[in-house]
Amino acid sequence: MSILQTENLTKIYGDGENAVHALRGINLTVEKGEFTAIVGTSGSGKSTLLHMLGGLDRPTTGKVMVDGKDIFSLSEEQLTIFRRRKIGFVFQSYNLVPVLNLYENIVLPLELDGKKIDREYIDQIAETLGLKDRLEALPNQLSGGQQQRVAIARALAGTPSIILADEPTGNLDSKTSQDVLSLLKVTSEKFGQTIVMITHNEEIAQMADRIIHIEDGCIFRRN
Ligand SMILES: Nc1ncnc2c1ncn2[C@@H]1O[C@H](COP(=O)(O)OP(=O)(O)OP(=O)(O)O)[C@@H](O)[C@H]1O
Ligand SMILES: [Mg+2]
């Protein structure tokens with residue numbers, strides 16, 4: 001069953017002479033539980049696509065369907081709720097709050113959303129990601145790889161059905177990148193999540209179920 005689908009998605013930034021055609025008609029289907037990597041040169045439209053998939057920005061034309069529902073038919077308020085409930089974002093920068101310990105960072109979005117915290121589930125995520133003994137630590141007491149694992153735990157804490165990751169290992173060395181990605185894979189399999197991840201790293205891309213190549217706003221190769 002497909003969880004995520006785009007129909008002729010286009011995005012033009014600016015207009016007239018300054019118009020940038022960032023996406024030129026993307027048709028993409030992602031199956032539930034699938035791990036898809038998106039690769040492509042700088043400026044090819046990867047982040048733009050990811051932002052549309054997560055409802056962070058609206059396309060110029062075309063649709064994004066999540067569970068068969070056109071997300072851009074929602075009002076801004078409904079779209080915000082959709083993002084909080086369905087999508088977990090992981091970015092290249094970890095964006096942890098320095099004065100909060102790891103546990104507090106992980107549950108912060110849930111608290112902001114007024115959700116009940118399932119401590120057992122949080123502990124399971126922390127354990128899978130190898131963070132269980134460090135939950136009292138502050139972010140600056142951690143390595144980059146550990147901080148990114150906290151950012152992943154935070155994304156997973158809200159039990160999203162889709163994880164969207166933009167260069168999640170961009171600041172990590174090759175060994176740490178592979179470790180973090182393996183953990184992301186294990187957790188997403190365990191909790192039945194779908195992953196779409198942008199990466200420049202071929203080795204990391206090879207860990208996905210399939211790779212989609214984007215060039216100049218078009219998908220030009222799938223394998
Ligand atoms: N907010 C914006 N306003 C105007 N142009 C933009 C905006 N965001 C992106 N673009 C342009 O759209 C094109 C695609 O950008 P995008 O950020 O999606 O590329 P990318 O593939 O993620 O690149 P990178 O690998 O460098 O992150 C680029 O030409 C970029 O300059
Ligand atoms: Mg980008």
Side-chain angles (χ1 to χ4, degrees), residues 4-30 34-66 71-72 74 76 79-80 82-83 86-96 144-145 147-149 151-152 154-155 160 162-174 176-178 180-181 184-185 188 194-223:
L4 190 59
Q5 200 170 6
T6 72
E7 276 177 35
N8 262 318
L9 204 62
T10 72
K11 179 68 176 179
I12 304 173
Y13 292 109
D15 50 23
E17 272 183 21
N18 299 321
V20 175
H21 292 255
L23 298 178
R24 300 173 186 266
I26 299 277
N27 291 296
L28 175 65
T29 301
V30 177
E34 195 174 32
F35 176 11
T36 302
I38 297 179
V39 302
T41 52
S42 181
S44 56
K46 304 180 298 296
S47 296
T48 302
L49 174 59
L50 205 77
H51 293 164
M52 309 279 139
L53 295 180
L56 282 177
D57 196 6
R58 288 178 185 264
T60 304
T61 63
K63 285 184 186 171
V64 173
M65 319 285 284
V66 175
I71 63 169
F72 295 111
L74 301 172
E76 276 312 315
L79 192 56
T80 304
F82 153 82
R83 270 199 309 267
K86 283 265 182 192
I87 311 280
F89 291 99
V90 182
F91 298 101
Q92 181 170 348
S93 51
Y94 321 122
N95 301 319
L96 302 178
Q147 290 188 52
Q148 189 57 300
R149 283 185 268 143
I152 290 171
R154 180 183 55 192
I162 303 172
I163 311 259
L164 299 176
D166 195 343
E167 296 277 358
T169 61
N171 288 328
L172 306 176
D173 63 66
S174 155
T176 311
S177 296
Q178 291 202 15
V180 168
L181 244 290
L184 177 60
K185 247 184 111 159
S188 65
T194 305
I195 306 177
V196 180
M197 177 192 68
I198 295 172
T199 184
H200 274 109
N201 182 325
E202 262 304 315
E203 279 177 1
I204 293 294
Q206 294 302 332
M207 296 170 77
D209 298 321
R210 66 165 175 169
I211 304 178
I212 288 171
H213 296 259
I214 293 197
E215 209 43 78
D216 196 20
C218 299
I219 291 178
F220 78 97
R221 189 152 55 89
R222 301 161 203 261
N223 48 349

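When a residue number appears, it is its place in the shown sequence, counting from 1. Bear in mind the structure is a predicted one, so any value in this text is a computation, not a measurement. Ligands are counted one by one from 1 in listed order, and the atoms in each one are counted from 1 as well.
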Notebook entry, point to check: Just checking, is any N or O donor in the side chain of Gln148 or Thr169 under 3.5 Å from an acceptor N or O on the other one?
Noted result: no
Check: To which protein heavy atom is atom 1 (N) of ligand 1 closest, and what is the distance rounded to 0.1 Å?
Finding: Tyr13 CE2, 3.7 Å
Check: What's the shortest distance from atom 27 (O) of ligand 1 to any protein heavy atom, and which residue and atom give it?
Finding: Ser47 OG, 3.9 Å
Check: Rounded to the nearest 0.5 Å, what separation is found between the CZ atom of Arg24 and the CG atom of Asn8?
Finding: 13.5 Å
Note to self: Apply side chain to side chain donor-acceptor pair (under 3.5 Å) to residues Thr48 and Tyr13 and explain how you reach the verdict.
What the structure shows: CA-CA 10 Å; Thr48 302; Tyr13 292 109; 3.2 Å; yes
Checklist line | Per-atom contact, atom 30 (C) of ligand 1, protein heavy atoms, under 4.0 angstrom | finding: no
Notebook entry, point to check: Can you name the nearest heavy-atom pair linking Ile214 to Ser44, along with the distance?
Noted result: CG2-O, 3.3 Å
Next item on the list: State, without any angle test, whether Thr10 and Thr61 hold a side-chain donor-acceptor pair at a distance under 3.5 Å.
Entry: yes
Item checked: Met197/Leu181 under side-chain contact (heavy atoms from CB on, under 4.5 Å): CA gap, chis, key distance, verdict -> CA-CA 10 Å; Met197 177 192 68; Leu181 244 290; 3.8 Å; yes
Checklist line | Within-cut-off N or O pair, Ala22 and ligand 1, under 3.5 Å | finding: no
Notebook entry, point to check: Do Arg210 and Val30 come within less than 4.5 Å of each other through their side chains, counting heavy atoms only?
Noted result: yes
Notebook entry, point to check: Is there a heavy atom of His200 sitting under 4.0 angstrom from any atom of ligand 1?
Noted result: yes
Notebook entry, point to check: How many N, O or S atoms of the protein are nearer than 2.8 Å to the Mg ion (ligand 2)?
Noted result: 1
Check: Within the structure, does Gly45 bring an N/O atom to less than 3.5 angstrom of an N/O atom in ligand 1?
Finding: yes
Next item on the list: Go through ligand 1 atom by atom and flag the ones less than 4.0 Å from a non-hydrogen atom of Thr41.
Entry: 21 (O)
Next item on the list: Apply salt bridge (charged side-chain N to carboxylate O under 4.0 Å, His left out) to the pair Asp166 and Lys46, showing each step before the final yes or no.
Entry: CA-CA 8 Å; Asp166 195 343; Lys46 304 180 298 296; over 6 Å; no
Notebook entry, point to check: Under 3.5 Å, side chain of Thr6 to main-chain N/O of Leu28, donor-acceptor pair present?
Noted result: yes
Notebook entry, point to check: Where's the contact between Glu167 and ligand 1, heavy-atom distance under 4.0 Å: side chain, backbone, both or neither?
Noted result: neither
Margin query: Tell me whether Ser42 has any N or O atom under 3.5 angstrom from an N or O of ligand 1.
Written below: yes
Margin query: I need the nearest protein heavy-atom contact for atom 13 (C) of ligand 1: residue, atom name and distance, please.
Written below: Gly43 O, 3.7 Å
Notebook entry, point to check: Side chain, backbone, both or neither: which part of Thr48 comes within less than 4.0 Å of ligand 1 when only heavy atoms are counted?
Noted result: both
Notebook entry, point to check: Side chain of Asp209, backbone of Phe35: donor and acceptor closer than 3.5 Å?
Noted result: yes
Note to self: Among all the protein's non-hydrogen atoms, which is closest to atom 25 (O) of ligand 1, and how far away is it?
What the structure shows: Lys46 NZ, 2.7 Å
Next item on the list: For atom NZ of Lys63, decide whether the heavy atoms of other residues, nucleotides or ligands shown that lie under 6.0 angstrom number more than 12.
Entry: no
Next item on the list: Below 4.0 angstrom from a heavy atom of Ser44, which ligand 1 atoms are there? Numbered from 1 as shown, please.
Entry: 19 (O), 21 (O)
Note to self: Applying a heavy-atom cut-off of 4.0 Å, say which part of Ile214 lies close to ligand 1: side chain, backbone, both or neither.
What the structure shows: neither
Check: How would you list, by chain and number, every residue that makes a salt bridge (charged side-chain N to carboxylate O under 4.0 Å, His left out) with Glu17, sequence neighbours excluded?
Finding: none
Check: Any sub-3.5 Å donor-acceptor pair from Lys185's side-chain atoms to Met207's backbone N or O?
Finding: yes
